[in-house]
A.B. asks: 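Structure in structure tokens, see below.
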Amino acid sequence: MSELLGVAVLGTGHMGADHVRRIGGTVGGARVVAVADPDTARAEAAVAGRAGVSVHREAQDALRAPGVEAVLVASPEAAHEEALLAACALGLPVLCEKPLTPDSASALRVVEAEARLGRRLIQVGFMRRYDTEYAALKSLLGSGDLGRPLLLHCRHRNVSSPAHFTSSMLISSSVSHEIDATRWLLGQEITAVTVVRPRPSAGAPQGLLDPQLVLFETSGGAVVDVEIFVNSGFGYEVRCEAVCERGSAQIGDAHTMVVRTPGRAYEDVAQDYLVRFADAYDREVRAWVAAAREGGVTGPSAWDGYAAAAVAEAGVTALRTGARADVELAERPALYG
């Protein structure tokens with residue numbers, strides 16, 4: 001292992017470029033030694049001013065570039081499976097931005113490939129586990145001070161959706177974070193999904209079913225509701241309230257700067273997930289770098305990525321049919337406990 005962990009970043013779009021900035025910047029102990037993107041001009045722009053970084057069009061070339069000891073996957077989801085399997089074959093620790101893969105079948109293939117190795121190499125980028133508020137809520141629920149969790153009320157709002165967003169992506173892309181947060185906070189599997197559709201907002205693109213109310217049932221008898229509204233028009237908001245037998249706890253209301261002027265007061269509202277969860281991303285990557293330097297990974301596993309994909313698929317089925325959809329999970333390999 002070199003003094004600084006050599007990282008290949010696959011994909012240099014919005015998320016990948018932010019990770020390039022982060023590694024060697026707010027996160028020490030590592031440096032970017034290779035990047036890959038079909039848009040090589042974009043890749044070169046992402047690493048401008050950094051010496052010793054090789055730029056590649058193909059992910060496979062970046063994985064085999066000199067000095068690569070770990071991989072950060074931030075490419076489009078359709079490219080994830082091939083990159084993950086290749087990284088496993090090379091024994092490279094991976095941080096993979098969610099989703100693990102586009103569907104549960106391909107995610108299970110990745111899980112099975114990792115299980116055959118007998119050790120974890122893949123961490124999935126569910127960064128909310130590294131947010132201080134989410135971590136505090138997890139600790140409180142785990143203490144048992146409030147009794148058993150009965151309900152989670154979740155709110156997830158974006159300013160606007162990307163042009164390519166579809167109605168099903170509200171669940172498979174956006175609500176995937178609430179899927180993982182539910183499983184992690186409660187320590188329970190999600191067993192069924194129902195989707196309720198109010199009339200679409202006038203601010204939503206034509207044909208986009210936005211907002212949606214997504215309901216989860218869990219193996220421990222809890223019920224979770226998620227408001228997903230990706231064209232709210234005013235800000236990026238993520239909130240969660242746990243209602244328990246002896247009390248409740250809510251996160252996501254931490255104030256930013258409040259400005260008071262004659263006759264009015266206002267506060268800043270985050271406009272982007274990279275702003276709201278900037279510290280969480282830093283902590284996530286720091287933890288991954290530290291584990292990767294020891295040859296492994298920590299945090300959300302490939303199994304967590306597979307489970308999220310399976311729940312999302314049930315959610316998309318519920319959205320399409322208007323009926324409650326059961327979640328079907330494969331048998332969990334021993335590697336994942």
Side-chain angles (χ1 to χ4, degrees), residues 1-2 4-13 15-16 19-20 23 29-38 40 43 47 52-126 284-285 287-310 329-337:
M1 181 68 64
S2 59
L4 296 177
L5 181 74
V7 179
V9 177
L10 310 184
T12 54
M15 191 75 257
H19 280 313
V20 169
I23 296 171
R31 68 186 184 97
V32 177
V33 296
V35 294
D37 196 305
T40 54
V47 297
V53 183
S54 58
V55 175
H56 307 270
R57 184 181 301 276
E58 301 295 333
Q60 297 288 342
D61 295 333
L63 293 179
R64 292 173 171 80
V68 171
E69 298 166 303
V71 185
L72 197 154
V73 178
S75 51
E77 60 190 61
H80 286 192
E81 180 182 4
E82 182 180 3
L84 291 168
L85 295 178
C88 283
L90 293 169
L92 298 173
V94 182
L95 174 58
C96 179
E97 280 300 333
K98 66 86 186 170
L100 180 68
T101 65
D103 55 75
S104 65
S106 57
L108 186 58
R109 289 194 292 269
V110 172
V111 164
E112 291 169 343
E114 188 181 48
R116 286 193 294 271
L117 292 175
R119 66 187 181 107
R120 285 190 53 199
L121 284 175
I122 299 169
Q123 176 177 330
V124 183
F126 289 121
E284 173 190 53
V285 177
W288 174 69
V289 167
R293 288 181 59 80
E294 300 299 321
V297 292
T298 184
S301 68
W303 176 262
D304 293 317
Y306 160 72
L329 291 178
E331 183 177 352
R332 186 197 301 251
L335 176 64
Y336 306 104

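Just so you know, these numbers come straight off a predicted model, no measurement behind them. Because only heavy atoms are used, hydrogens play no part in the values below, and waters and symmetry mates are left out as well, while side chains stay in.
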A.B. asks: Knowing that exactly one of Val7, Leu5, Val297 qualifies, which makes a side-chain contact (heavy atoms from CB on, under 4.5 Å) with Pro93?
C.D. replies: Val297
A.B. asks: Please give me the minimum heavy-atom distance between Leu63 and Ala87, naming the atom from each residue.
C.D. replies: CD1-N, 4.2 Å
A.B. asks: Closest heavy-atom contact between Ala43 and Val55?
C.D. replies: CB-CG1, 3.7 Å
A.B. asks: Does Glu81 have any salt bridge (charged side-chain N to carboxylate O under 4.0 Å, His left out) partners at least two apart in sequence or in another chain, and if so, which?
C.D. replies: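 Listed in chain order: Arg109.
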A.B. asks: Please find the pair of heavy atoms, one from Leu84 and one from Cys96, that lie closest to each other, and give the distance.
C.D. replies: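 In terms of heavy atoms, the two residues are closest at CD2-CB, 4.0 Å.
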A.B. asks: Would you name the heavy atoms of Val124 and Glu284 that are closest together and state the gap between them?
C.D. replies: O-OE2, 4.3 Å
A.B. asks: State, yes or no, whether a side-chain contact exists between Ile23 and Leu72 at a heavy-atom distance under 4.5 Å.
C.D. replies: yes
A.B. asks: How many angstroms lie between atom CD of Glu77 and atom CD of Glu97, to the nearest 0.5 angstrom?
C.D. replies: 12.0 Å
A.B. asks: How long is the gap from NE2 on His56 to CG on Leu10, to the nearest 0.5 Å?
C.D. replies: 10.0 Å
A.B. asks: Determine yes or no for a side-chain-to-main-chain donor-acceptor pair under 3.5 angstrom, with Ser104 supplying the side chain and Ala310 the backbone.
C.D. replies: no
A.B. asks: List the atom of Val68, the atom of Ala62, and the distance in Å for their closest heavy-atom pair.
C.D. replies: CG2-O, 3.3 Å
A.B. asks: Tell me if a side-chain donor or acceptor on His80 pairs with a main-chain N or O of Val73 at a distance below 3.5 Å.
C.D. replies: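 No: the side chain of His80 does not pair with the backbone of Val73.
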A.B. asks: Measure the CD-OG distance between Glu82 and Ser75 for me, rounded to the nearest 0.5 Å.
C.D. replies: 9.5 Å
A.B. asks: Within the structure provided, determine whether Gln123 and Pro300 are in side-chain contact (heavy-atom separation under 4.5 Å).
C.D. replies: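 Yes - at least one pair of side-chain heavy atoms lies under 4.5 Å apart.
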A.B. asks: If you define the side chain from C-beta out and look only at heavy atoms, does anything of Glu114 sit under 4.5 Å from Tyr336?
C.D. replies: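 The answer is yes, as the side chains (C-beta and beyond) meet within the 4.5 Å cut-off.
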A.B. asks: Verify the neighbour count for atom CD of Glu58: are there more than 12 heavy atoms of other residues, nucleotides or ligands below 6.0 Å?
C.D. replies: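 No, not enclosed.
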A.B. asks: Looking only at heavy atoms, what is the nearest atom pair of Ala30 and Leu4, with distance?
C.D. replies: N-CD2, 4.0 Å
A.B. asks: How about CD on Gln60, more than 12 heavy atoms from neighbouring residues, nucleotides or ligands closer than 6.0 Å, or not?
C.D. replies: yes
A.B. asks: Would Tyr306 and Glu112 count as having a side-chain donor-acceptor pair, cut-off 3.5 Å?
C.D. replies: no
A.B. asks: Please tell me if the side chains of Ile122 and Leu100 come closer than 4.5 Å, counting only heavy atoms from C-beta onward.
C.D. replies: yes
A.B. asks: Does the Arg57 side chain pair with the main chain of Pro38, one donor and one acceptor, at a distance under 3.5 Å?
C.D. replies: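 Yes, the answer is positive, given that a donor and an acceptor are paired below the 3.5 Å cut-off.
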